[in-house]
Amino acid sequence: MTDLATSLASAWREGRAMAAAAWQDSVGDAAQAYGVQDRVAEAMGWFGTAVPGHWKSGGPSRDAVLTHAPLPPAGVRASPANYGDMHFNAPGIESEIALRLGDAVTPERAAALTPETAAVLIDAMAVSIEIVDSRWEDPAKAPALLRLADQQSHGALVLGAWVPYAARDWAAQTCETRIGANATDLRKGAHSLGDPAWLLPIWLRHATRNGATVPAGTVVTTGSWVGVLPVRKGDSVVVEFPGIGRAEARL
């Protein structure tokens with residue numbers, strides 16, 4: 001695992017992708033993949049001794065095992081965000097809702113949370129655009145554990161304006177995504193978990209699993225409403241969730 005973490009850190013620094021076939025047997029389970037995430041972050045100097053301030057979390061359904069990754073701070077930017085200074089190997093975008101904690105969460109508090117009780121922790125929400133990227137040459141064919149070890153295929157995160165959090169009729173919520181001059185991609189009620197806040201207890205138990213307290217102000221983006229849409233360098237992206245806000249990015 002140390003060799004994989006060292007190689008992934010080098011790939012981050014050098015803006016290159018690696019052949020997954022050479023690493024097929026390097027990660028045996030999710031715990032090892034999360035260990036690689038931590039070692040890459042340490043090698044890159046992303047967080048120091050602090051609890052990461054921004055995370056991604058999500059999964060394809062409530063019955064699936066959700067996955068999580070802390071996000072490098074240099075790629076987290078306020079909308080409208082320009083990423084002309086950053087390299088992406090094969091970027092895509094996901095249209096999401098980000099949530100911000102209003103309270104600190106200890107391991108003990110995280111252990112007691114349920115989806116019904118966790119929403120009181122949120123003080124604000126924002127439209128977000130995750131730029132998905134990979135340090136694997138063919139990420140669609142890379143094993144899931146290798147993608148998880150690679151910060152769950154993260155590239156960067158755009159955050160729109162924060163608004164007070166309020167529970168919504170998420171089944172009726174629309175999401176409008178426009179890439180360049182393409183037609184708007186319109187989705188309704190398309191969040192895989194039905195409610196972006198549903199994942200909070202699972203994510204917080206992960207974030208506190210080593211005894212850390214997650215501080216107030218920590219942000220988690222909660223999964224795509226559009227799958228992954230391909231983008232290219234120079235593309236502009238606009239995402240709007242009517243009634244919540246919008247976010248803009250240029251690659």
Side-chain angles (χ1 to χ4, degrees), residues 29-42 46-73 75-76 94 96-128 130 132 144-145 147-154 157-160 162-168 170 173 191-225 241 244:
D29 57 26
Q32 291 182 358
Y34 288 124
V36 173
Q37 285 186 5
D38 292 342
R39 282 186 284 279
V40 170
E42 183 178 3
W46 286 334
F47 311 118
T49 59
V51 175
H54 298 84
W55 295 73
K56 65 178 292 184
S57 183
S61 73
R62 293 188 179 189
D63 295 326
V65 176
L66 305 191
T67 55
H68 327 277
L71 309 184
V76 179
E94 297 183 346
E96 307 192 28
I97 295 293
L99 305 175
R100 188 178 69 194
L101 296 181
D103 292 341
V105 180
T106 64
E108 294 76 19
R109 190 172 187 185
L113 289 173
T114 68
E116 293 72 32
T117 62
V120 299
L121 299 172
I122 309 167
D123 79 335
M125 59 184 172
V127 175
S128 63
E130 184 186 5
V132 176
L145 287 174
R147 298 196 304 271
L148 181 59
D150 181 33
Q151 309 308 123
Q152 193 56 19
S153 302
H154 175 72
L157 181 70
V158 184
L159 293 169
W162 292 102
V163 298
Y165 175 76
R168 298 180 65 83
W170 293 107
Q173 177 68 52
H191 191 265
S192 61
L193 305 179
D195 177 351
W198 187 87
L199 56 71
L200 285 174
I202 300 168
W203 162 62
L204 285 166
R205 284 193 275 273
H206 173 81
T208 60
R209 70 194 187 284
N210 294 323
T213 292
V214 177
T218 301
V219 171
V220 61
T221 191
T222 56
S224 182
W225 289 60
F241 284 76
I244 301 175

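- Checked by atom type and distance alone, the side chain of Asp150 never pairs as donor or acceptor with a backbone atom of Ser153 at under 3.5 Å.
- Annotation: cation-pi pair Arg168/Phe241 absent, no NZ/CZ under 6.0 Å from the ring centroid and within 45° of its normal.
- Contact detail for Pro72 and Phe47: the closest heavy-atom pair is N-CZ, 4.3 Å.
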- Task: Decide yes or no on side chain to side chain donor-acceptor pair (under 3.5 Å) for Thr213 and Thr106, but give the supporting numbers first.
- Result: CA-CA 4 Å; Thr213 292; Thr106 64; 5.5 Å; no
- Hey, mind stepping through Gln152 and His68 against side chain to side chain donor-acceptor pair (under 3.5 Å) and telling me if it holds? CA-CA 7 Å; Gln152 193 56 19; His68 327 277; over 6 Å; no
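- Contact of the Leu113 side chain with the Trp203 side chain is not registered, since no non-hydrogen atoms from C-beta on lie closer than 4.5 Å.
- Atom CG of Asp63 is separated from atom CG of Leu193 by 10.0 Å, given to the nearest 0.5 angstrom.
- Residues His206 and Trp55 form a side-chain contact, since some pair of their non-hydrogen atoms from C-beta on lies under 4.5 Å apart.
- Residue Glu94 holds its CD atom at 10.5 Å from OG1 of Thr222, rounded to the nearest 0.5 Å.
- Nearest approach of Leu157 to Ser128, heavy atoms of both residues: CD1-CB, 4.0 Å.
- The minimum heavy-atom distance linking Pro70 with Gln151 is given by the pair O-NE2, 3.1 Å.
- Residue Leu148 holds its CG atom at 4.5 Å from OH of Tyr34, rounded to the nearest 0.5 Å.
- No donor-acceptor distance shorter than 3.5 angstrom exists from the side chain of Arg62 to the backbone of Ser192, with no hydrogens or angles considered.
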- Item | Candidate pair Glu96 and Ser224, rule side chain to side chain donor-acceptor pair (under 3.5 Å), full reasoning | CA-CA 5 Å; Glu96 307 192 28; Ser224 182; 5.5 Å; no
- Message: Is there a side-chain contact (heavy atoms from CB on, under 4.5 Å) between Thr208 and Arg109? Walk through the geometry before answering.
- Response: CA-CA 10 Å; Thr208 60; Arg109 190 172 187 185; over 6 Å; no
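- Atom CG of Leu199 is separated from atom CG of Leu204 by 9.0 Å, given to the nearest 0.5 angstrom.
- In this structure, Ala126 and Gly160 approach most closely via the heavy-atom pair CB-O, 3.6 Å.
- Summarising the geometry, atom CG belonging to Leu101 is positioned 6.0 Å from atom CG belonging to Leu121; distances are rounded to the nearest 0.5 Å.
- No donor-acceptor distance shorter than 3.5 angstrom exists from the side chain of Arg100 to the backbone of Val219, with no hydrogens or angles considered.
- Exactly one of His54, Arg147, Lys56, Glu130 qualifies for a side-chain hydrogen bond (donor to acceptor under 3.5 Å, both in side chains) with His154. That residue is Glu130.
- Aromatic pair Trp170/His191: ring centres not closer than 6.0 Å.
- In this structure, Leu99 CG and Leu200 CG are separated by 5.5 Å, a value rounded to the nearest 0.5 Å.
- The two residues Trp225 and Ile97 have their closest heavy-atom pair at NE1-CG1, 4.2 Å.
- Between Ser57 and Val220, the shortest heavy-atom distance links the atoms CB-CG2, 3.8 Å.
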